[in-house]
Structures are given as structure tokens and as C-alpha cells.
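The next block holds one structure in the form of C-alpha cells; read it before the comments.
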Amino acid sequence: MSKQFTLGKTERLKSRKSIEQIFAVGKKLVTGSFRVLYVLNSDVLTPSLAFGAGVSSKHFKKAVDRNRVKRLMREAWRLQKSDLEEMIRSQKQSMHVFCIYTGKALPDYKEVFEKLTDVISKLVKVCVK
RNA sequence: GCUACAAGCCAGGCUAUCGAUCCUGUUAGCUUAGGCAAACAGGGUAGGAAAGUCCGGACAGCAAAGAGCAAUGCACCGGUGAAUAGCCGGGUCCUGCCGCUACUUAGGCAUCGGCAGGAACAGAAAGUGCCACAGAAAAUAACUGCCUGUUCUCUUCUUCGGAAAAGGACCGGUGAGGUUGAAAACGCAGGGUAAGAGCCUACGGCUGGUAAUGGUAACGUUAUUGGCGGGUAAACCUUGCAUGCUGAAAUGCCACGUAUAGUACCCUCGAAGGGCUGCUCGCCCAAGCUCGCCAAAAGCGGGCAGGGUACAGGGUAGGCAGAUUGAUCCCGAUAAGCAAUUAUCGGGACAGAUAAAUGAUAGCCCACGACAGAAUCCGGCUUACCGGCUUGUAGCGUUU
């Protein structure tokens, strides 16, 4: 059994191109102050799941705060993504997810964690369809 | 011990669990033999301001015959440094405080000396502009006032010729007085005069020249001579000096892909066009090859090629270098220097991501944690900031 709680290079959205693609053709999911964009491809040879996080600099002027939110989001994703990962592997799909925090106040860890639980369960449903 | 100021240093800690990135090592794997990538182990991983982008560089690319104008920046001197509007030292001026002398109306107080602070500190005697309120007036001078003269009115005196006083008008002189103001035509005293004025003189202040002298210089001192025409250049301006443009999304290489691609028009012998710094002058670049007709040249025609403008479209955005050890920073010693700083020797430290790591959660402890997140690098400046520690100086208090 491989490690579950990793978030290495291959599991993050790394290239500018794929992010632009998500913004262009991705589907939208909104839960509370989170906006989630995703692209799902079925019948792929190597199943993969990639994640990216973003915060608008309009709402958070200071770079310190933006880093904090992004770190919280990555952490919450890292700890909860395993269900989604298994699902995708069994269905032989590949999914790119980009998550944007649109709230104006600095969130705490609990809030982010719970919201991302919702997001992941919704994404699992999308995979099943 | 407390308080204030200055300089320097630190920027919550520990443990557990789960991660990220970079480096090193080991093991096994794949390979097109360049590498690729996995597991495990060990180690490194935000700042004093990483910020603002206000100065200065390094580095890179493009451009580069020149002159003038414009534009921008700088503006006491010397040193330091790669360089600056930084830093250090000095000079000048201004402000405040203290001391002292001349003077004195006995309150003070010029000059001088000391201490502290400040200065975008070239030019106001090239020109233009501006100077609120108050004030006669903010720079040309006017108004008021003062004074000589002429004339008129009226009064008094009279030796009957005139004389004196007052008031009005005019011509002229004057810049002394005029309640203000941040600032009022160098200050003050004497002379001078019809009244007056640096008009003249003494003392003092400011300032230009000359000479001597000290200093690398700014500048100081002394002598002599001329002047004294308010301020403002962070108003335009003038003078001197300097300055190509762009900015790591720079740039170079590799891979992939494509296309010496397409359409339209124009040009190829004094053309179009392009370049030189924004403009002007002036200058420079540039115009090719080939075939046929023809004895040759000119000329004509064809083809290829090249250049310009416009249109429509296409491709790439992956990797490596740049790029993290450098004009580096810190500590100690020695030497030079008033200092900033420099040299030598010894020791130590220094993240490197690329959609972007340097983290998350829980527990414990305490002074209860501020401002705040690297993005090519470095030197400064400025701004933000909870608190703690060390050293020095000054004051107060306690003990001996």
C-alpha cells in the first residue's frame, strides 16, 4: 500500500498551459466561498489527478495572507483526496482541479477542511456519472 | 535600581504526527547510454525590513560618423566607494541656548567664544513674473508730509516804500517722518542743507575687485579700493557639469513545429524605403543575378531573387543556461586614516521555487508572539513594527 497523504510534483498542476485550459473549458462548481474548476477526461491510459489553488489578490492585498490561504487549501486537499484518487484510478479517468478561494475574510483551517470535504464528495459524484 | 537618548543584536521555543522543495549517499529499476525516475537515510530551506521601487550599479540585448537645439538630472569643498541625491570630514549661512566685552535708558545686548540643531548651500547686479492680510506704499514710483520760489485772499504794523503771520493755488526740490507687516529702500551718531538724502565723515554690517598670506579646496585672515538696487530660482529662467534606449516576461542555446509559405499593391538607377537621439541640419545605407533579341552599348521583354506596406492565417509558450558563492556578509587580529573606509591574515555563514517549496494540525512552556513572504543580483535611502537583550552617555535615587 502506497502512501496516501502525498502531494508531489506530479499531483500538482504545474504548467501554465493546463491552467489556462481549465479556465477556458473547465466546468464550475461553487460551494460557499470556494469556486472549483475541473476538467475530466475518461478512458486514459495513465489515470492521474492534479490540483491547483488560487487566491485573488483583490481580496487579500498582502502576500502573507495569500500564501496562508493557499497553504491551508493544499493541506486540506492532501489529507482528503484519497477517495477521489481511488475512484479515478478504478474508472481510468484523469482529472484536473483548480480551486479558488473567493471569500474576503481570512479563513481558519477547520472551515477550509470542511468545505473541501464537500467539494471532494461532489467531485466523486461527477466521476461516477 | 529607575528614566531618557543613541548604537548594535534577536525576531517565541520545544515535542509528536503528516507533508513540500533542493543537495548528498545507498538500494533496486528503465534506457534511444545523454539520462529518467522510485524507495530509504542524512542535511539545508524566508527578512530586518524580503516592502516602497526613491537613488546608484552589475549583467544582458538593441543602437552608435557628427553638430546644434530641445529634454531630463545634478548644484559649497575634499575624501570614501563599482557608483549615487549614500556615508565621513571640513567650510559658509541661519536658528536656539549659555558665557563674556564694548555700549547701556541697568531691562538688556551688537561683536566675539562655546554647545546643540537645521540648510535642494550656483546665480536675484541678464530678463520676465509673483509677494495673501494689514499698510500711504511690496519696488516704477505715487499719496501724505517737509522746503525754496511765484501769485491770490485776509489780518496786524508802518517812516506809506513796504515788512511780518496765516490760509489757498501753481512751478520746482526731497525721499528724512507717515500707527502696518515676516520684510519698508544698510544701522547708528555727527556734520551738512532752504528742506533733505551715504551727500560727507567716524564706528559697525553686507558685498564685488586687487594684493599679501594660511589651506589640496570650499574658504579664512590682513591691507587697499569700489558699491550697498527688499524677498522669491521647491516660479519661469540663466550658468556649469552629466546623460543613447530597453529591462530577467532581458538574453543565449537545445528540442518540437513550420514555411526559401499565402494574397493584394508598390519599388529595384539616383526610386520606394531605412538609419543616425525627440526635432532640425547634414550625412550614411541601399538598388542584385540571369536569359533572349542586338556586332556592342543603350533600350525592350521574360524569369529568378531582394526590399517595403497592408491583409488573412499558422506555430511555439517544453527543457537547459542566465540563477543564486558574490564589488558578498559577519567575527577577531594587525596596519593606514580624525573618520567613512581600505589592505593583509585567520575563522565562520549564505533559501533557490517556476503557478511558484520554506508548511499544516495537536499538545506543553513562557516574556503570550508586531510589521510582514524571496522571484536576476548587489550597495544605499525611505516607510511599517509587539517585545526582549547588550553597550555607552545624561539625570535621579539607595548603600558604603
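Quantities reported herein were computed from a predicted structural model and do not represent experimental measurements. Each chain gets a letter, A, B and so on, in the order its sequence line appears, and its residues count up from 1.
Per the geometry, CH2 belonging to Trp77(A) stands 17 Å off C1' belonging to rA20(B), to the nearest Å. The distance from atom NZ of Lys62(A) to atom C1' of rG52(B) is 14 Å, rounded to the nearest whole Å. Between the CG atom of Asp65(A) and the C1' atom of rC371(B) there is a distance of 12 Å, given to the nearest Å.
Using the Watson-Crick or G-U wobble rule with both distances under 3.5 Å, rA202(B) pairs with nothing in any strand shown. Under the Watson-Crick or G-U wobble criterion, with both distances below 3.5 Å, rC188(B) has no partner in any strand shown. Judged by Watson-Crick or G-U wobble contacts below 3.5 Å, the nucleotide rU344(B) has rA333(B) as its partner. When both distances must be under 3.5 Å, the Watson-Crick or G-U wobble mate of rA38(B) is rU27(B). If you check rA362(B) for Watson-Crick or wobble pairing at under 3.5 angstrom, you find it paired to rU15(B). Nucleotide rG135(B) has no partner under the Watson-Crick or G-U criteria, as no pair reaches both atom distances under 3.5 Å. With a cut-off of 3.5 Å on both Watson-Crick or G-U wobble distances, the partner of rG48(B) is given as none. Judged by Watson-Crick or G-U wobble contacts below 3.5 Å, the nucleotide rA211(B) has rU222(B) as its partner.
Under the 90° criterion around 0 for the glycosidic angle, rG175(B) counts as anti. Taking syn as a glycosidic angle within 90° of 0, rG162(B) does not qualify and is anti. Syn is the classification of rG161(B), since its glycosidic angle stays within 90° of 0. Under the 90° criterion around 0 for the glycosidic angle, rG198(B) counts as syn. Under the 90° criterion around 0 for the glycosidic angle, rG48(B) counts as syn.
One P atom belongs to rU376(B), the other to rA248(B), and the distance between them is 8 Å to the nearest Å. Rounded to a whole angstrom, the distance from the P atom of rU342(B) to that of rG81(B) is 6 Å. Taking the P atom of each, rG43(B) and rC381(B) are spaced 39 Å apart, rounded to whole Å. For rU341(B) and rG380(B), the C1' atoms lie 15 Å apart once the distance is rounded to whole Å. Rounded to whole Å, the separation between the C1' atoms of rG99(B) and rG208(B) comes to 36 Å. Between rG56(B) and rA235(B), the distance separating the two P atoms is 23 Å to the nearest Å. Using atom P as the reference point in both rC378(B) and rA51(B), the two lie 11 Å apart (nearest Å). Across the P atoms, rA75(B) and rA122(B) are found 9 Å apart, a figure rounded to whole Å.
In this structure the side chain of Tyr101(A) never reaches within 4.5 angstrom of the side chain of Lys70(A), judged on heavy atoms.
Shown are Arg66(A), Arg71(A), Met73(A); of these, the side-chain contact (heavy atoms from CB on, under 4.5 Å) with Val69(A) is made only by Met73(A).
Between Leu72(A) and Val112(A), the closest heavy-atom pair is O-CG1, 3.9 Å. In this structure, Ala76(A) and Phe113(A) approach most closely via the heavy-atom pair CB-CA, 4.0 Å.
Scanning residues 110-117 of chain A for heavy-atom distances under 4.0 Å to RNA chain B yields an empty list.
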Detail all sub-3.5 Å separations between protein N/O atoms and N/O atoms belonging to nucleotides 357-363 of chain B.
unit_1   : atom_1 : unit_2   : atom_2 : d
rA357(B) : OP1    : Arg74(A) : NH2    : 3.4
rU358(B) : OP2    : Arg71(A) : NE     : 3.0
rU358(B) : OP2    : Arg71(A) : NH2    : 3.4
rG359(B) : N2     : Glu75(A) : OE2    : 3.2
rA360(B) : OP1    : Arg68(A) : NH1    : 2.4

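For Asp65(A), the side-chain contact (heavy atoms from CB on, under 4.5 Å) partners two or more places apart in sequence, or in a different chain, are Phe60(A), Lys62(A), Leu106(A). With sequence neighbours excluded, the residues that form a side chain to side chain donor-acceptor pair (under 3.5 Å) with Thr117(A) are Gln80(A).
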Can Phe34(A) and Asp118(A) be said to form a side-chain contact (heavy atoms from CB on, under 4.5 Å), step by step?
-> CA-CA 10 Å; Phe34(A) 288 86; Asp118(A) 284 4; over 6 Å; no
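Summarising the geometry, atom CZ belonging to Arg74(A) is positioned 13.0 Å from atom CG belonging to Leu79(A); distances are rounded to the nearest 0.5 Å.
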